[in-house]
Every structure is written in C-alpha cells, then in structure tokens.
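One is the number of the first residue; the rest follow in order along the sequence. These numbers come from a predicted model, not from an experiment.
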Amino acid sequence: MTNDHQSPAPAVRLLPTGPTWRSGLAAGGAAALLALGLFPATAHADEYPSAEPVCQSVLHPEAAAAISAAVAEIGAERDTDFGFGVSAFDGDLTCGHQADQGYDAASVGKVIVLGTLLWHAQEEGRALTEREDELATAMITVSDNDATIELRNELGRERMQDFLDAAGMPNTVLHPQNYTGLMKINAREELHLLSLITEENDVLRAESRAYASGLMGDVIEEQRWGVPAGAPEGASTINKNGWLPYDGTDIWRVNSIGAIDGTSAGPYRMAILTDQNAGMAYGVETIELLSAAVHDALHADEPTTLRSPLPVRPQDLPLTSDGSDRA
C-alpha cells in the first residue's frame, strides 16, 4: 500500500512537575539492548522458533519465560505484524521480537521532534521560547499536528538527522519529505530514545529530560491507552501513542511507547509497534495484551489495576486518524 503526499506549506516555560525517574537502567541499558533476543524479521506467527525465547534474564528467568510465552501466544493468535521491546530490572531483563524491523512511526515520531527541539536548544545554550513551549506541549499532550508541522519546519530535516546521529539511532529513517508519521522507527531504538528521556546521559540534560517526561506524563486521558494498560495501581507512567490508517482503507498502523516507574519492579521501558491491523481498536487490543503480559510478569504476585486492558471499547479511543502522515 502506498500513500501519495504533497509537501506541507512551509519566551520560556518553567519545567512541569513530572515523574521522578531513577537512573538504575543506565548501567546495563546500551549493552543489554545490543543483547536483545530477536526473531527473524520475516518470521510469521506460526513459525516462531520455540527454542529461542523472546526475553532473556539472568536474575529474573521466570518473568522472562512468562513474557516470552505470552508474546508467542499473542503472535500466533493475532493477525498483526508487530515489533516489541522491553528493558527492565536495570537491564537484566531484555525482550525483543522483530525489534530491528522498521515501522511507520505515526504520532510516536513526535517524540523525535521533541528530542530534536530540546537537543538543538541545548546546543544553542538557551531555554525554549514561549512559542516553542506552547507548540511542544500541544504536539505531545494532545498530539496536535499543526503544532508538529510548525516545529518540524522550523527545525528542518537536517537538524532532526543531527539529533538522531547524536542520539545513536542509525536505523531510524526520516521520511524524504520529513513527514513525522512516515519516518521508519524500530522497537530497539525507541527503547533507547526512552532511556535518553528517563536516564542520565550525554545527549539530553536533566532539564530537557524533566521537560520531555513531564509532557509525556501529561498526555490527555483518551490517548493514554497502550503501554500503560495493566500497570500496577499507583505507577508513574509516561507514554506517546500513534494511530494511522492507510489512505482509503481500514488497515491501521498503531504504536505505543512508554516508561513506568514507582512499582516494586523499579523503572522499566516498553515499545510496541504494529502494522496490518484490521481497525484501530484491533491494534490497541494487541498492544494492550502485550503490555498487560509484561506488567503481570514483572509483578507476578501483585494486582495490576491501573487500567483493565480488555476489552478495548471504541468509545474510549480517538478513532479518527492521528494525521501524522502529513505532519
């Protein structure tokens, strides 16, 4: 399926109060991501090699086995193409299914626009202007496309590529016309991007991380499905979702990335990217089956009641396209 597009027509805020993120994942983060156990990108649901688990963990093998089994079962039962990644327990537990496969970003790509904005302001030695803050807030908390277009055009494709290079995300591929929703992202590098937002690093400074996590923690309620679904009551969650049909069809790309803290399992990150969904609700349901399995495995003897993940109710979802293929 293809999309034909035409190019779009061409002050400082106090940082919001957001979740306090621990830096425990930092020590094992990069090395652990390189060690993700991956299925071949061409594997079909009925071809999963049972000898090769989705998750690996030295200290938490039961959790790793539970998530691996759930991913295999969901992959076999659902007619969805998905990339999946998790990093938990200071990087001891890592999961990956098609984690290097490229998926259209949909509105999840707006986090890369935000990262570019914050990194570029740092490079210039300045805070965000009032207008930049207004646009960034609308772009992330309500997924506003007009705000995204203005920021994207102001930053330009070259600066966005410079951020990806600085961030160490070589397999994230910007769209030729720089449409945010049509850049190619993958679960592995989305986990890394989340680590740049939630952990100490040399790319985004503390103020930038607090700003980004604050916005992602303030996403409006109707867009907080996905990765947060099934997390323990009282957990701190940040997330950004994307939902984008192919033109003239009811086949959807549906994505969710996020980080969780404030639980007995400590901080952990998750990225779930999907394609070929028969409707948005079907994609959300697949994502929430996966996310609930992760939360359940990491909190085996605890109630996970932040949100009941199933069934997905269409009235709870923004069922029109997120419009990011033109943003």
(message) Has Thr237 got a side-chain atom pairing as donor or acceptor with Ile260's backbone, closer than 3.5 angstrom?
(response) no

(request) Show your working on side-chain contact (heavy atoms from CB on, under 4.5 Å) between Val294 and Met270 and close with a plain yes or no. (result) CA-CA 9 Å; Val294 173; Met270 203 183 320; 3.7 Å; yes

(message) Please determine whether salt bridge (Lys or Arg N to Asp or Glu O under 4.0 Å) holds for the pair Glu190 and Arg269, giving the CA-CA distance in whole Å, both sets of side-chain angles, and the decisive distance to 0.1 Å.
(response) CA-CA 9 Å; Glu190 289 300 296; Arg269 308 185 300 275; over 6 Å; no

(message) Please check: side-chain N/O of Thr263 versus main-chain N/O of Ala265, any donor-acceptor pairing under 3.5 Å?
(response) yes

(request) Taking atom CG of Asp165 as the centre, report whether more than 12 heavy atoms of other residues, nucleotides or ligands fall under 6.0 Å from it. (result) yes

(request) Answer yes or no: is there a donor N or O on one side and an acceptor on the other, between the side chain of Asp104 and the main chain of Ala106, under 3.5 Å? (result) no

(message) Using 0.5 Å steps for rounding, measure from the CD1 atom of Ile112 to the CZ atom of Arg152.
(response) 14.0 Å

(message) Under a 4.0 Å threshold between the charged nitrogen and the carboxylate oxygen, would Arg159 count as salt-bridged to Glu123?
(response) no

(request) Give a yes or no answer on whether the side chain of Asn241 reaches the backbone of Trp225 with a donor-acceptor pair at less than 3.5 Å. (result) yes

(request) Measure from NZ or CZ of Arg205 to the centre of the six-membered ring of Tyr211 and say whether it is under 6.0 Å with the direction within 45° of the ring axis. (result) no

(message) Tell me the closest heavy-atom pair linking Lys184 and Gly102, and the distance in Å.
(response) CD-C, 4.3 Å

(message) Could you check whether any side-chain N or O of Thr148 sits under 3.5 Å from a backbone N or O of Asp144, counting only pairs where one atom can act as donor and the other as acceptor?
(response) yes

(message) If we ignore hydrogens and angles and just use 3.5 Å, is the side chain of Thr180 paired with the main-chain N or O of Ala327 as donor and acceptor?
(response) yes

(message) With a sphere of 6.0 Å drawn around CD of Glu124, does it hold more than 12 non-hydrogen atoms of other residues, nucleotides or ligands?
(response) yes

(message) Does Glu154 have more than 12 heavy atoms from other residues, nucleotides or ligands lying within 6.0 Å of its CD?
(response) no

(message) Using the rule given for salt bridge (Lys or Arg N to Asp or Glu O under 4.0 Å), can you reason through Lys110 versus Asp322, listing the C-alpha separation, both sets of side-chain angles and the distance that settles it, and then say yes or no?
(response) CA-CA 11 Å; Lys110 292 169 182 175; Asp322 68 15; 5.8 Å; no

(message) Just checking Phe163 against His120, ring centres under 6.0 Å apart?
(response) no

(message) When you measure from the side chain of Tyr282 to the backbone of Asp79, do you find a donor-acceptor pair of N or O atoms at a distance under 3.5 Å?
(response) yes

(message) Tell me whether Arg78 is salt-bridged to Glu285, with the criterion being a basic N under 4.0 Å from an acidic carboxylate O.
(response) yes

(request) Please answer whether the main-chain N or O of Glu288 pairs with a side-chain N or O of Ser291 as donor and acceptor at a distance below 3.5 Å. (result) yes

(message) So does Ala121 get a backbone contact from the side chain of Arg126, meaning a donor-acceptor N/O pair under 3.5 Å?
(response) no

(message) Between Ser143 and Ser107, do the side chains contain a donor N or O and an acceptor N or O under 3.5 Å apart?
(response) yes

(request) Identify whether the distance between the nearest side-chain nitrogen and carboxylate oxygen of Arg209 and Glu199 falls below 4.0 Å. (result) no

(message) Between Ser57 and Asp92, do the side chains contain a donor N or O and an acceptor N or O under 3.5 Å apart?
(response) yes

(request) Give a yes or no on whether a salt bridge exists between Glu221 and Arg224, defined as a side-chain N under 4.0 angstrom from a carboxylate O. (result) no

(message) I need the Leu155 CG to Met160 CE distance, nearest 0.5 Å.
(response) 7.5 Å

(message) Assess whether a salt bridge exists between Asp247 and Arg326, defined as any Lys/Arg side-chain N lying under 4.0 Å from an Asp/Glu carboxylate O.
(response) yes

(message) Once rounded to the nearest 0.5 Å, what's the spacing between atom CZ of Arg188 and atom CG of Asp100?
(response) 4.0 Å

(request) Kindly confirm or rule out a cation-pi arrangement of Arg253 over Tyr103, judged by NZ or CZ under 6.0 Å from the six-membered ring centre and within 45° of its axis? (result) no

